[in-house]
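In the text below, chain A, chain B and the rest are named by the order of the sequence lines, each starting its count at 1.
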Protein chains: 2
Amino acid sequence: MDYIEAAQALLQEKGVRASTIRINVLAYLLSHPTHPTVEHIYQALRKSMLTLSKTTIYNTLDLFQQQNLVRVINIDEKEMRYDANTTEHGHFQCQECKAITDFTIRCSTPDLPGFQIATRNIYYRGICAECQTKKEELLNEKSNGN
Amino acid sequence: MDYIEAAQALLQEKGVRASTIRINVLAYLLSHPTHPTVEHIYQALRKSMLTLSKTTIYNTLDLFQQQNLVRVINIDEKEMRYDANTTEHGHFQCQECKAITDFTIRCSTPDLPGFQIATRNIYYRGICAECQTKKEELLNEKSNGN
DNA sequence: TACATATTTAAATTCATTACAATTTAATTT
DNA sequence: AAATTAAATTGTAATGAATTTAAATATGTA
Ligand SMILES: [Mn+2]
Ligand SMILES: [Mn+2]
Ligand SMILES: [Zn+2]
Ligand SMILES: [Zn+2]
């Protein structure tokens with residue numbers, strides 16, 4: 001089953017009309033688990049849907065959020081990011097390459113009695129393993145070169 | 001020791017010039033552990049500092065962040081919030097009363113090997129204990145009244 | 001087909017944050 | 001003390017993602 005079919009099936013499950021735009025937005029999110037921005041989605045879909053409006057992307061993603069088809073990731077303080085993976089997981093943004101990585105996490109919160117938790121967002125920032133390696137290599141080259 | 005003195009001491013520790021504005025912004029944060037917005041701080045200090053500029057609040061908070069005197073809380077997707085408590089703790093925002101509560105948290109993250117973590121932000125949303133009680137009381141009244 | 005409803009579009013607006021140049025204040029040097 | 005330099009503060013304008021509005025288009029049903 002390709003992403004288009006998967007998106008269509010998910011929309012039908014939720015009782016949401018599976019319009020072309022909705023299918024394509026959801027399929028894009030499923031096939032690009034990189035936490036894209038509205039702009040990313042817009043620019044990608046625009047190529048094949050010439051009259052596409054950015055407002056529609058916003059509306060569609062709002063609808064998806066209400067239906068728990070996507071979750072909003074606010075780790076990047078500039079733009080919102082969207083994730084079709086709605087299972088519990090944390091997000092790590094690299095300060096070098098800006099990439100956002102998923103990670104599994106288990107938390108214990110002793111002092112929230114009587115609180116009703118609706119959503120959890122766990123955001124870490126730092127240097128990803130890849131960029132860390134690159135930095136070390138660069139450092140080694142320098143010390144060898146001199 | 002009052003908050004003004006505490007703020008002054010903290011600034012001196014960091015080797016930052018303890019100007020009147022800086023002392024007052026930091027003292028406000030120390031005395032209002034409610035995660036205020038820039039607007040909150042600005043409106044409060046404006047009363048005693050007539051020519052205060054909002055830009056200065058932004059600049060001051062940026063400086064504080066660099067010096068690890070405050071941490072930025074991005075739980076409220078509209079406005080940034082600031083916290084003079086820089087120790088590890090999570091934040092819970094009530095969807096009813098909008099209040100932001102601190103909570104202690106312990107997390108294990110098995111799959112981030114080689115990643116260098118610089119900052120952690122843990123945001124929960126839902127209904128706080130107080131609002132939860134209020135809602136239940138309202139429900140009881142209704143069922144008794146009818 | 002006709003009509004109501006849902007979806008999509010484009011333009012205008014909002015508003016927190018940032019950029020920047022000008023001014024004021026404080027520290028350092030003559 | 002005066003002059004010079006550096007730092008802090010101010011006000012205005014610009015930025016840009018997100019929202020609002022209203023109009024256009026598509027879709028389902030009778
Ligand atoms: Mn994810
Ligand atoms: Mn806090
Ligand atoms: Zn990286
Ligand atoms: Zn509450």
Of the candidate nucleotides [options], which contains the atom at the shortest distance from the side chain of [X]?
| X | options | result |
| --- | --- | --- |
| B:Thr55 | C:dA10, C:dC20, D:dT9 | C:dC20 |
| A:Arg22 | D:dA18, D:dG28, C:dT8 | C:dT8 |
| A:Tyr58 | C:dT17, C:dT9, D:dA18 | D:dA18 |
| B:Glu79 | D:dA17, D:dG11, C:dA16 | C:dA16 |
| B:Thr51 | D:dT10, C:dA16, D:dT27 | D:dT10 |
| B:Arg17 | D:dT9, C:dA27, D:dT10 | C:dA27 |

In whole angstroms, how far is the [atom2] atom of [N] from the [atom1] atom of [X]?
| X | N | atom1 | atom2 | value |
| --- | --- | --- | --- | --- |
| B:Leu52 | D:dT10 | CG | C1' | 9 Å |
| B:Leu63 | D:dA7 | CG | P | 13 Å |
| A:Met49 | D:dT25 | CE | C1' | 14 Å |
| A:Glu77 | C:dT18 | CD | P | 8 Å |
| B:Asp62 | D:dT9 | CG | P | 13 Å |
| A:Leu61 | D:dT19 | CG | P | 11 Å |
| B:Tyr82 | C:dA16 | OH | C1' | 10 Å |
| A:Met80 | D:dG16 | CE | C1' | 14 Å |

Under a 4.0 Å threshold between the charged nitrogen and the carboxylate oxygen, would [Y] count as salt-bridged to [X]?
| X | Y | result |
| --- | --- | --- |
| B:Lys134 | B:Glu96 | no |
| B:Glu130 | B:Lys135 | no |
| A:Glu39 | A:Arg46 | no |

With sugar-phosphate meaning primed atoms plus P, OP1 and OP2, does A:Lys78 contact a base, only sugar-phosphate, or nothing at under 4.0 Å between heavy atoms? sugar-phosphate

For a quick check of understanding: with a heavy-atom distance under 4.0 Å over all strands, which category does B:Ser19 fall into, base, sugar-phosphate or nothing? sugar-phosphate

Specify the residue among B:Ile21 and A:Asn74 whose closest nucleotide of DNA chain D lies further upstream toward the 5′ end. B:Ile21

Step by step, work out the ring-ring contact (aromatic ring centres under 6.0 Å, His included) result for B:Tyr124 and A:Phe115. CA-CA 10 Å; B:Tyr124 284 15; A:Phe115 283 60; over 10 Å; no

Would you please say whether a donor-acceptor pair under 3.5 Å links the side chains of B:Asp102 and B:His35? yes

